[in-house]
Asker: 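Here it is, the structure in full.
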Amino acid sequence: MKLMQPPFPVTFKNGLTAEVTYLADAADIPVALQQFGLATACPTLVIVGGASGLSVEDFERLRSLFKEVVCPFAAAKNFAIIDGGTDAGVMQLMGQSRAETGGQFPLIGVVVEQKAILPASTPPSGDAAALEPYHTHFLLVPGQEWGEESPWIAQVATTLSAGQPSLTLLINGGAIALHQDVPNSLEQERPVLVIGGSGRSADRLALAMTGQKPDPEVQGMIDSGLLHTVDLTVGIELLRAALQRVFASVNHGANE
């Protein structure tokens, strides 16, 4: 693991440049954000969910959610968005949608160093993944396995928001999303909006929350009172309204 160093630029094949830095421990997070020029006390949106397990059909179904709901919302509210940063699944959709909608908000990927393939670099491990080329910043964190970035994502969002509203969206997702990403957000007292109908873990949680399929394994998360859900099939306007409603409740709590 590299010691913390000043951010350095990487340039992708699309010609865009992102700033990258390595973190050694959690104390480095505020320093790294400052070096990136990112203001603290910034509202944050955390995106967690499907990566390589996201099917082609789910990918296409979710495209409008990102382009017509998530990106306009982030732009209107001056959010920074934080996700897992690799060129797959919801992270790829997030980066592509930001580019296609002309978004100017920071898009920060948090990736385990040993799983991140930087442009023009040798893969550090057999199952490493390329960085998503429309993100603006990357934090490379200690670890050897996928999922070890999860507590870092949660802490980066808490540090960056610094008391401002912060919300997590769960979209699709597998075991890491369900057993690490969601609990880590809840541990930081960050509300989670579960997008039912987006597949896999999100559907499992949504069904349990609505009482359609009780699930003792996730009941503790539901009992936190921090989970909310909306179904992907309700349409763009109702999805926007749900995001606004949950954000308003977070905003109220942040200003009490």
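Values reported hereafter were calculated over all heavy atoms of this structure, with side chains retained and with hydrogens, waters and symmetry mates removed. Values in this document were obtained by computation on a predicted structure and should not be read as measured data. Residue numbers start at 1 and run along the sequence shown.
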Asker: Looking only at the side chains, is there a donor atom on one of D181 and S150 sitting less than 3.5 Å from an acceptor on the other?
Answerer: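 The criterion, which ignores hydrogens and geometry beyond distance, is satisfied for S150 and D181.
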
Asker: Considering all heavy atoms of both residues, which atom of K67 and which atom of T101 are nearest to each other, and what is their separation?
Answerer: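 Of all heavy-atom pairs spanning K67 and T101, the closest is O-CG2, 3.6 Å.
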
Asker: Which value, rounded to the nearest 0.5 Å, describes the distance between W152 atom CH2 and L139 atom CG?
Answerer: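 CG of L139 is found 9.0 Å from CH2 of W152.
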
Asker: Please round to the nearest 0.5 Å and tell me the distance separating atom CD of E148 and atom CD of E113.
Answerer: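 Answer for the CD-CD pair, E148 versus E113, is 11.5 Å.
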
Asker: State, to 0.1 Å, how close A162 and T40 come at their nearest heavy-atom pair, and which atoms those are.
Answerer: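 Nearest pair, atom of A162 first, then T40: CB-CB, 4.3 Å.
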
Asker: Find out whether I153 and V46 are in side-chain contact, i.e. whether some heavy atom of one side chain is under 4.5 Å from a heavy atom of the other.
Answerer: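 With C-beta onward as the side chain, the pair touches.
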
Asker: Is the shortest side-chain heavy-atom distance between L193 and F247 below 4.5 Å?
Answerer: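 Sidechains of F247 and L193: no contact.
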
Asker: For residues Y134 and N14, report the shortest heavy-atom separation together with the two atoms involved.
Answerer: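 Where Y134 meets N14 most closely, the heavy atoms are CE2-ND2, 3.4 Å.
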
Asker: Could you state the interatomic distance from CD1 (I222) to CG (D215), rounded to the nearest 0.5 Å?
Answerer: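 So the gap between those two atoms works out to 7.0 Å.
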
Asker: Indicate the atoms forming the closest heavy-atom contact of E145 with V112, along with that distance.
Answerer: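 Scanning both residues, the minimum pair turns out to be O-CG2, 3.6 Å.
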
Asker: Is the backbone N or O of G220 less than 3.5 Å from a side-chain atom of S224, with the two atoms forming a donor-acceptor pair by type?
Answerer: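 A pair under 3.5 Å: no.
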
Asker: Taking the side chain as everything from C-beta on, heavy atoms only, tell me whether E217 gets closer than 4.5 Å to H179.
Answerer: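 A side-chain contact under 4.5 Å exists here.
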
Asker: Do F73 and R240 come close enough that some side-chain heavy atom pair is under 4.5 Å?
Answerer: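 SC-SC contact between F73 and R240 ruled out.
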
Asker: Of the non-hydrogen atoms in V90 and V48, which two are nearest, and what is the gap between them?
Answerer: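 Between these two residues, the closest heavy atoms are CG2-C, 4.4 Å.
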
Asker: Go through it in stages, so that I can follow the logic: the residues are L54 and L62, the test is side chain to side chain contact (heavy atoms under 4.5 Å, CB included), and I'd like the CA-CA distance, side-chain angles, deciding distance and then a yes or no.
Answerer: CA-CA 10 Å; L54 193 68; L62 291 168; 3.9 Å; yes

Asker: Are L16 and V10 joined in one hydrophobic group, where the rule is that I, L, V, M, F, W and Y side chains link up if heavy atoms are under 4.5 Å apart?
Answerer: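 No; V10 is not reachable from L16 via cluster members.
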
Asker: Let me see the working for T21 and D28 under side chain to side chain contact (heavy atoms under 4.5 Å, CB included), right down to the final yes or no.
Answerer: CA-CA 10 Å; T21 196; D28 293 338; over 6 Å; no

Asker: Among F8, F36, F105, whose ring-ring contact (aromatic ring centres under 6.0 Å, His included) with H137 holds?
Answerer: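 Only match with H137 under ring-ring contact (aromatic ring centres under 6.0 Å, His included): F36.
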
Asker: Atom CG of D83 and atom CD of E149: how far apart are they, to the nearest 0.5 Å?
Answerer: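 Those atoms lie 10.5 Å apart.
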
Asker: Test your reading of the model: is there a side-chain donor-acceptor pair from T229 to the backbone of V194, 3.5 Å cut-off?
Answerer: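 Checking the backbone N and O of V194 against the side chain of T229, a donor-acceptor pair under 3.5 Å is found.
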
Asker: Could you tell me whether the side chain of S185 and the main chain of V182 form a donor-acceptor pair under 3.5 Å?
Answerer: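 Here the side-chain-to-backbone pair does not exist.
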
Asker: Could you tell me whether Q34 atom CD has more than 12 heavy atoms of other residues or ligands within 6.0 Å of it?
Answerer: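 Incorrect, the count does not exceed 12.
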
Asker: If we ignore hydrogens and angles and just use 3.5 Å, is the side chain of T44 paired with the main-chain N or O of A80 as donor and acceptor?
Answerer: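 Checked: no pair found.
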
Asker: Go through the steps for E132 and R98 under the test side chain to side chain contact (heavy atoms under 4.5 Å, CB included), then give the verdict.
Answerer: CA-CA 12 Å; E132 199 288 319; R98 180 186 182 276; over 6 Å; no

Asker: What I'd like to find out is whether the side chain of I117 reaches to under 4.5 Å of the side chain of P124, using heavy atoms alone.
Answerer: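 Heavy-atom side-chain distance check passes, below 4.5 Å.
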
Asker: Supply the atom-to-atom distance L243 CG to H228 NE2, rounded to the nearest 0.5 angstrom.
Answerer: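 It is 11.5 Å, given to the nearest 0.5 Å.
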
Asker: Does a side-chain heavy-atom distance below 4.5 Å link M94 with C71?
Answerer: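 Result yes, sub-4.5 Å side-chain heavy-atom pair found.
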
Asker: Indicate if I236 and F66 have the same hydrophobic cluster label, given that clusters are the connected sets of ILVMFWY residues with side-chain heavy-atom separations under 4.5 angstrom.
Answerer: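 Cluster IDs for I236 and F66 match.
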
Asker: Among L205, D203, I171, which residue satisfies the side chain to side chain contact (heavy atoms under 4.5 Å, CB included) criterion with I195?
Answerer: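 It is I171, the one option of L205, D203, I171 that forms the side chain to side chain contact (heavy atoms under 4.5 Å, CB included) with I195.
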
Asker: When hydrophobic residues are tied together by side-chain contacts of less than 4.5 Å, even through go-betweens, does L93 share a cluster with V56?
Answerer: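 The answer is no; the residues belong to distinct hydrophobic clusters.
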
Asker: Taking the side chain as C-beta and beyond, is there a heavy-atom pair between T136 and E19 under 4.5 Å?
Answerer: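 Counting from C-beta outward, T136 and E19 never come under 4.5 Å.
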
Asker: CG of D87 to NE2 of H135: how many Å apart, nearest 0.5 Å?
Answerer: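 The CG atom of D87 sits 9.0 Å away from the NE2 atom of H135.
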
Asker: Are L178 and L207 connected in a single hydrophobic cluster, I mean Ile/Leu/Val/Met/Phe/Trp/Tyr linked by side-chain heavy atoms less than 4.5 Å apart?
Answerer: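 No; tracing contacts between hydrophobic side chains, which count when under 4.5 Å, never links both residues.
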
Asker: For E187, look at atom CD and say whether over 12 heavy atoms of other residues, nucleotides or ligands are found less than 6.0 Å away.
Answerer: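 No, because the 6.0 Å sphere around CD of E187 holds 12 heavy atoms or fewer from other groups.
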
Asker: Which heavy atom of E189 sits nearest to which heavy atom of L226, and what is that distance?
Answerer: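 Distance-wise, the nearest heavy atoms are CA-CD1, 3.9 Å.
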
Asker: Under 4.5 Å between any side-chain heavy atoms of Q164 and C42, yes or no?
Answerer: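 In short, these two side chains do not touch, never coming nearer than 4.5 Å.
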
Asker: Dump the intermediate steps for side chain to side chain contact (heavy atoms under 4.5 Å, CB included) on L140 and L118, then the final yes or no.
Answerer: CA-CA 10 Å; L140 303 185; L118 277 65; 3.8 Å; yes

